[in-house]
There are 2 protein chains.
Amino acid sequence: MTAPADLARRDTDSRRTEIAGAVRALIAERGFEGLRMRDIADRVGINIATLHYHIPSKEALITLVAQSLRDDFIAQHRAQPRENLSPLEQLRLEFSDFRDTFFNNPERLLVMGEMQERARRDPAVAAAMTPMRGYWHQQVRAILEAGRADGSFRADLEPAAAAAIVIGGMVAATKQPNPSAESLDRVFAEIERCVRNPSS
Amino acid sequence: MTAPADLARRDTDSRRTEIAGAVRALIAERGFEGLRMRDIADRVGINIATLHYHIPSKEALITLVAQSLRDDFIAQHRAQPRENLSPLEQLRLEFSDFRDTFFNNPERLLVMGEMQERARRDPAVAAAMTPMRGYWHQQVRAILEAGRADGSFRADLEPAAAAAIVIGGMVAATKQPNPSAESLDRVFAEIERCVRNPSS
DNA sequence: TCGGCCATCAATCAGTTGATTGAGAGACAA
DNA sequence: TTGTCTCTCAATCAACTGATTGATGGCCGA
């Protein structure tokens with residue numbers, strides 16, 4: 001008996017989603033260099049040949065994960081309406097989004113970090129990661145520009161450079177030893193003081 | 001003839017240093033998941049058994065590299081006298097140090113990034129990386145505290161959080177697409193504006 | 001001179017790893 | 001019913017990988 005009736009049989013699309021989730025969990029746990037096709041199959045609960053049926057190669061798998069990350073990222077950013085908020089409120093929304101992800105979905109940030117490293121050597125990964133990084137950067141930059149325009153942020157603020165610092169600062173906050181909600185918030189508050197207009 | 005006279009014969013200490021250098025170059029090129037003992041031996045120009053003679057295991061090798069990074073890092077930071085400089089000058093020295101390393105020794109920063117990722121799962125690596133990160137953080141924090149004290153930096157600046165942002169901002173600057181001396185300097189200048197006292 | 005130690009190498013091993021093969025079972029249309 | 005298409009699996013492969021073994025030649029102290 002090679003395919004018992006009680007074993008879940010899924011269409012390829014949902015299988016691929018399931019596989020992507022398993023891979024992300026494994027990368028978060030053991031990193032890229034510890035990623036094994038057999039472990040992925042085991043976690044999904046399928047045979048390694050079945051895994052290869054849905055995903056032609058390990059390389060394709062990694063591309064799939066990069067795309068799944070990008071899709072998640074953009075979906076989350078689109079979920080919240082930001083139009084009616086002040087630039088400072090938008091920036092704070094960015095912070096709270098990030099904090100929520102860090103605590104409720106840490107695997108996402110971990111895997112993004114790993115993928116970011118790999119993007120340097122793997123064009124296929126870079127093709128999925130670069131737009132995501134660009135989207136985020138653009139989002140923050142637009143907030144900073146709006147804040148500079150309405151006087152709530154510094155007049156001498158350079159949006160592109162400052163966006164890099166804001167994002168870098170957020171990421172750095174998570175890499176401190178023993179990150180907590182409080183330690184994250186301390187860094188976020190400092191970023192706020194970095195960009196706010198002192199004379200307002 | 002298995003050990004010809006024209007083949008370099010080195011004592012274990014200098015061999016280990018040589019091996020650490022080769023490993024760092026390989027990690028920078030291919031990342032952690034592409035690191036192979038045979039490639040290391042090839043790059044050093046020795047047999048794989050000789051490699052294992054000097055380094056008992058791959059794990060020990062990685063610890064060795066982490067330590068070599070830490071030693072380099074601290075050596076460079078001790079090299080420049082900072083005592084007679086103003087806080088702002090000290091901060092700028094930090095920037096130029098970092099920029100020099102990025103362009104003259106990019107392998108160092110690349111490998112530090114990879115190791116930082118790995119530190120999360122490997123206590124031995126963490127033991128070497130955490131003090132390095134801590135040293136750097138402490139260095140920047142001291143500069144920021146001094147600047148706040150003498151009024152050249154913001155009075156409401158929180159040194160620990162700001163240090164995280166300064167370091168995170170520097171690192172983020174190198175991860176922009178197509179980083180150049182100019183793009184780095186734009187970020188560094190923005191960091192300066194972030195911390196300076198607006199009323200001075 | 002000689003004996004022991006150090007650094008080195010060719011050859012080899014056992015376990016791992018990504019990928020393939022050939023076939024079975026269920027669903028569904030003709 | 002029959003045929004075919006999709007999804008699944010056990011078994012297997014060839015290549016790779018970290019590590020070991022046993023031996024060799026040179027250096028150095030006695």
Side-chain angles (χ1 to χ4, degrees), chain A residues 1-27 29-66 114 118 121-122 124-125, chain B residues 1-24 26-27 29-66 118 121-122 124-125:
Chain A
M1 165 156 76
T2 55
D6 60 324
L7 255 180
R9 203 182 175 86
R10 315 280 282 275
D11 65 291
T12 287
D13 261 8
S14 79
R15 251 316 180 224
R16 285 171 65 95
T17 308
E18 200 179 356
I19 290 169
V23 174
R24 284 166 55 161
L26 282 171
I27 291 178
E29 269 178 39
R30 311 179 200 175
F32 238 112
E33 83 263 25
L35 188 64
R36 301 285 174 264
M37 297 301 275
R38 277 168 179 78
D39 296 339
I40 299 165
D42 284 353
R43 177 158 303 217
V44 178
I46 57 176
N47 187 279
I48 187 174
T50 306
L51 175 58
H52 270 103
Y53 170 80
H54 292 288
I55 313 278
S57 69
K58 197 178 183 182
E59 207 179 319
L61 182 80
I62 288 164
T63 306
L64 173 73
V65 172
E114 298 271 350
R118 189 181 173 105
R121 307 167 227 120
D122 186 333
V125 173
Chain B
M1 167 156 77
T2 55
D6 60 322
L7 253 180
R9 200 183 176 86
R10 315 280 284 274
D11 64 292
T12 287
D13 262 7
S14 80
R15 243 337 169 212
R16 284 171 66 96
T17 307
E18 200 181 356
I19 290 168
V23 174
R24 285 167 54 161
L26 282 171
I27 290 178
E29 269 177 40
R30 310 179 201 175
F32 243 116
E33 84 263 26
L35 189 64
R36 300 286 174 263
M37 296 301 275
R38 277 168 177 77
D39 296 339
I40 299 164
D42 284 351
R43 176 156 304 216
V44 178
I46 57 176
N47 187 278
I48 187 174
T50 306
L51 175 60
H52 270 103
Y53 171 80
H54 292 288
I55 313 279
S57 69
K58 198 178 183 182
E59 208 180 317
L61 183 79
I62 289 165
T63 305
L64 173 74
V65 171
R118 189 178 173 107
R121 304 167 230 119
D122 187 334
V125 172

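By convention in this document, chain letters (A, B, ...) are assigned in the order of the sequence lines, proteins followed by strands, and residues within each chain are numbered from 1. The structure displayed is predicted, hence computed values, not measured ones.
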Would you indicate which nucleotide in [options] comes nearest to any side-chain atom of [X]?
| X | options | value |
| --- | --- | --- |
| His54(A) | dT20(C), dA19(D), dT8(D) | dT8(D) |
| Thr50(A) | dC9(D), dT20(C), dC7(D) | dC9(D) |
| Ala49(B) | dC13(C), dC9(C), dA7(C) | dC9(C) |

(message) Any residue in residues 55-65 of chain A with a heavy atom nearer than 4.0 angstrom to DNA chain C? Just list them by number, or reply none.
(response)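 The stretch gives Ser57(A), Lys58(A) as the residues lying under 4.0 Å from the strand, ordered by number.
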[X] [atom1] - [N] [atom2] separation (whole Å):
| X | N | atom1 | atom2 | answer |
| --- | --- | --- | --- | --- |
| Asn47(A) | dG18(C) | CG | P | 14 Å |
| Arg16(B) | dA7(C) | CZ | P | 12 Å |
| Ile46(A) | dT6(D) | CD1 | C1' | 14 Å |
| His52(B) | dT17(D) | NE2 | P | 13 Å |
| Met37(A) | dT12(D) | CE | P | 21 Å |
| Arg15(B) | dC9(C) | CZ | C1' | 12 Å |
| Asp39(B) | dC16(D) | CG | C1' | 11 Å |
| Arg38(B) | dC9(C) | CZ | P | 14 Å |

(message) Nearest 0.5 angstrom please: Arg15(A) CZ to Ile46(A) CD1, how far?
(response)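 One finds 5.0 Å between CZ of Arg15(A) and CD1 of Ile46(A).
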(request) Output yes when at least one side-chain N/O atom of Arg36(B) is less than 4.0 Å from OP1 or OP2 of dT17(D), else no. (result)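 The answer is yes; a side-chain N or O of Arg36(B) sits under 4.0 Å from OP1 or OP2.
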(request) Output yes when at least one side-chain N/O atom of Tyr53(B) is less than 4.0 Å from OP1 or OP2 of dA7(C), else no. (result)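 Indeed, a polar side-chain atom of Tyr53(B) lies that close.
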(message) Base, sugar-phosphate or nothing for Ile48(A)? Non-hydrogen atoms, less than 4.0 Å.
(response) base
(message) Under 4.0 Å, heavy atoms only, any strand: does Leu51(A) hit a base, just the sugar-phosphate, or nothing?
(response) nothing
(message) Treating Lys58(B) as the side-chain partner and Leu35(B) as the backbone partner, does any N or O pair qualify as donor plus acceptor under 3.5 Å?
(response)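 It does hold such a pair.
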(request) Verify the neighbour count for atom CD of Glu59(B): are there more than 12 heavy atoms of other residues, nucleotides or ligands below 6.0 Å? (result) no
(request) Check Leu51(B) against Ala41(B) and note the closest heavy-atom contact, atom names and distance. (result)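 Scanning both residues completely, I find the closest heavy atoms to be CD2-N, 4.0 Å.
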(request) Would you name the heavy atoms of Ala124(A) and Thr63(A) that are closest together and state the gap between them? (result)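 That would be CB-OG1, 3.7 Å.
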(message) According to side chain to side chain donor-acceptor pair (under 3.5 Å), who are the partners of Asp122(B), at least two apart in sequence or on a separate chain?
(response) Arg118(B)
(message) Any carboxylate oxygen within less than 4.0 angstrom of a Lys/Arg side-chain nitrogen, looking at Glu29(A) and Arg43(A)?
(response)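 Salt bridge present between Glu29(A) and Arg43(A).
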